[in-house]
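Have a look at the structure below, then the notes.
Throughout, protein chains are lettered first and strands after them, A, B, ... in sequence-line order, and every chain is numbered starting at 1. Computed from a predicted structure; not experimentally measured.
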There are 2 protein chains.
Amino acid sequence: MAERPPDQRDTQPSSPRRAPTMADVARRAGVSAMTVSRALKGKGTVTPPTQDRILKAVQELGYVLDKSAGALSSKQTGFVSVLIPSLNNSNFSDTVQGISEVLDTEAMQVLIGTTGYSREREEAVIETMLQRRPEGIIVTGGKHTPRARTLLGQAGIPVIETWDMPAAPIDHVVGFSNAATIEDLLARLMFRGYRRIAFIEGEHGEDTRGHDRRAGYERAVEALGLERSCVISVGRPPITIEHGGGAVVRLVETWPEVEAVICVSDLSAFGAIMECHRRGWAVPERLAVAGFGDFEVSRFCWPSITTVSVGSRDLGRQAGRLMLEAITAMRTGTPLAPRRLNIPHTVIERDSTAVHRHPAATHQVA
Amino acid sequence: MAERPPDQRDTQPSSPRRAPTMADVARRAGVSAMTVSRALKGKGTVTPPTQDRILKAVQELGYVLDKSAGALSSKQTGFVSVLIPSLNNSNFSDTVQGISEVLDTEAMQVLIGTTGYSREREEAVIETMLQRRPEGIIVTGGKHTPRARTLLGQAGIPVIETWDMPAAPIDHVVGFSNAATIEDLLARLMFRGYRRIAFIEGEHGEDTRGHDRRAGYERAVEALGLERSCVISVGRPPITIEHGGGAVVRLVETWPEVEAVICVSDLSAFGAIMECHRRGWAVPERLAVAGFGDFEVSRFCWPSITTVSVGSRDLGRQAGRLMLEAITAMRTGTPLAPRRLNIPHTVIERDSTAVHRHPAATHQVA
DNA sequence: CTGTTAGCGCTTTCAC
DNA sequence: GTGAAAGCGCTAACAG
């Protein structure tokens, strides 16, 4: 590291080992710093020969623009903060990728922060992020500590809440109702003939999206007049593949007549199915399994897993686009009125729930 | 958004809707900006009552420190850039998490950039990153464009290459030989009695780590005197679950006598196994399958998948620790001499290769 | 099209 | 323990 370019010396002699600044470039190109700034921005207001001289000087000196300085002076940092529970969940990393794709086009840079599914951590991360003066902030979920809400509200920048549909949003929303997705999924299972349908979730902690999905389950069980509800809670969120395996065993012990189970996410559904294989419980014949999130694993699992897709990546793109619009509006001095984008979800029926049961038929439990 | 705190007015009247600065806090607390700066840093050089007055003023004004400004003046941005091929691969996101865990303790913030497995993209991302003046940069892999190497070399900051063991490192290395991991894995399979062992990879593109693993495979086949090598190349990296399924079918068509296959990553191994289930090919009886990376899915898959673990998260922690040390050294003015940490790998044998074949035994191919 | 003059908000450095 | 002055590297705003 720290090799220096061979011709590091300035036009002026001396100049030790410090990184070249715009002034150095200007001097070498025989123009003012301001012209260098313009040339580097590509705003066509610089004459081609001058432009060339400047780029040559940049080249020779190995100059790299300092955006921290630029940000201070222009009051535009070019940062957008994105907070997600965990990087290690492809639903969220897909969303981040969708956001980045869109922001990249406008040379905005994403600052990623992870909250570990904890509201307290989220509050702390928000505080850290705000010190970087992002021009906008995208958070996951619609539940936050009071102080977090205050911080976001006072920041004077556009805020987007995602992956949820809060009743009282802070600013903009790009999300969906987690409860509604599960209601629809459960309705599909019922349509397929399943009647004894359970739910696997994490112990109630901070995963409010999981909590909402469970609420959707209970509501749907009641609305559809299903037999009774059975909820298995295992582990603290995030619920992993391993939890799914443990939960399905407990489920079958607890409620042997169970015909189908909805898992709070595809990962636990996958774990449940693998455990069923191990124990020789045929999926979906003995037990149908469905998940949430349309993870890649679900499409290629054997059997493929019925799930709900919300298009994580595209959700990110939409949030990115809205953020861009909001930031532009902000720069113009006319903040965008709070917007609420409801992202449609799709129930994807696959092999893991492919057996059609009929309410009239009697069936043996293995 | 953009609600203002109720008591936004300064001690001085006027002052419209602009965010409060340190000077505002200073005025309200009746001290100088410098004292506010000290108080906020927690450097004990401020008298308790003064400290309290300042914190109270911060509170009342809703003041948030501006690190961009601080960075400009102190020349310490508190950023470390981390470049990975993709967020959507838990090996890499685990590494990032390990890095973050360590850097968080010193209030350093990670700037994540993704390169999409492309060296050209990497070069571009490096350029963007350097404009933010990170105090260190961690990249994935040991192969870069010449310009990328130059940029990193000239940046005057510590550089760490990970997930590889380059012959000519730029600066520090925290990695391992991809080839060696596969050599060991193949040796274990041979020890178990497998003789006809194939390799599934992506078409040769930019995934140099995948390429190295394949090289390890070929070398080991030769060194161990195995029957012959068979490499199936499918899709452009990153190789997904889906590719694994397609590849295993082609493999069995191409080389029906095959007994075992090593996949370039656990994801393709998983895809291969699921496809085997679909076709009724017993794993490991008909075909043993091994992967690389010790993804979560492998531990809970049925059958569980034999793989190589390099401890992605811990690798990240080690890189983080080294980076911290290097940055501290840099700030002191005594750059750390290039270091090369070789991360040990472990072959984890699981059910997907659990059948012991014996070279003497004749066996039917299904 | 280009240059000049002021800062951006903070921290360094040196006094007191 | 606290303050005053200076300036980090860049760009806004104006002048020419």
field: Straight-line distance of A:Arg132 CZ to A:Thr77 OG1, nearest 0.5 Å
entry: 10.5 Å

A:Thr21, nearest nucleotide to its side chain (from C:dC1, C:dG9, D:dC10): D:dC10

message: Judged by each residue's nearest nucleotide on DNA chain D, which is more toward the 5′ side, B:Met34 or A:Leu65?
response: B:Met34

query: Strictly by modelled atom types, are B:His172 and B:Glu161 linked by a side-chain donor-acceptor pair under 3.5 Å?
result: no

message: I need the CD-P distance between A:Glu135 and C:dC8, as an integer number of Å.
response: 18 Å

query: Between B:Arg28 and B:Tyr63, is NZ or CZ placed under 6.0 angstrom from the six-membered ring centre and within 45° of the ring axis?
result: no

message: If the cut-off is 4.0 Å, is A:Ser32 near the phosphate of C:dT2, judged by side-chain N/O to OP1 or OP2?
response: no

- request: Could you check how far CZ of A:Arg27 sits from C1' of D:dC10, rounded to whole Å?
  value: 15 Å

query: A:Lys41 near the nucleic acid: base, sugar-phosphate alone, or nothing, with a heavy-atom cut-off under 4.0 Å?
result: sugar-phosphate

task: Given side-chain hydrogen bond (donor to acceptor under 3.5 Å, both in side chains), test A:Thr50 with A:Thr47 step by step and report yes or no.
output: CA-CA 5 Å; A:Thr50 315; A:Thr47 237; 4.9 Å; no

task: Quick one: closest heavy-atom pair of B:Leu83 and B:Thr140, and the distance?
output: O-OG1, 2.7 Å

Sugar-phosphate, base or nothing in reach of B:Ser74, heavy atoms under 4.0 Å: sugar-phosphate

task: Give the rounded distance in Å between these two atoms: OH of B:Tyr63 and C1' of C:dC10.
output: 7 Å

- prompt: Hey, does the side chain of B:Lys75 come within less than 4.0 Å of D:dG9's phosphate (OP1/OP2), counting only N and O?
  reply: yes

task: Look at B:Thr35 and D:dG3 and indicate whether a side-chain polar atom (N or O) is within less than 4.0 Å of OP1 or OP2.
output: yes

query: Considering only heavy atoms and no angle criterion, is a donor-acceptor pair shorter than 3.5 Å present between the side chain of B:Arg38 and the base of D:dG3?
result: yes

query: Atom CE of A:Met22 and atom C1' of C:dG3: how far apart are they, to the nearest Å?
result: 14 Å

task: Kindly point out which of D:dC8, D:dT11, D:dC10 is positioned nearest to the side chain of B:Ser73?
output: D:dC8

d(NZ, A:Lys67; P, D:dC8) in whole Å: 22 Å

statement: In whole angstroms, the gap separating C1' of D:dC8 from CG of A:Asp24 amounts to 14 Å

query: What nucleic acid atoms does A:Thr50 come within less than 4.0 Å of, heavy atoms only: base, sugar-phosphate, or nothing?
result: sugar-phosphate

query: Could you state the CG-C1' distance from A:Leu72 to C:dC8, rounded to the nearest angstrom?
result: 4 Å

query: Roughly how many Å is it from CD in B:Gln131 to C1' in D:dC10, rounded to a whole number?
result: 13 Å

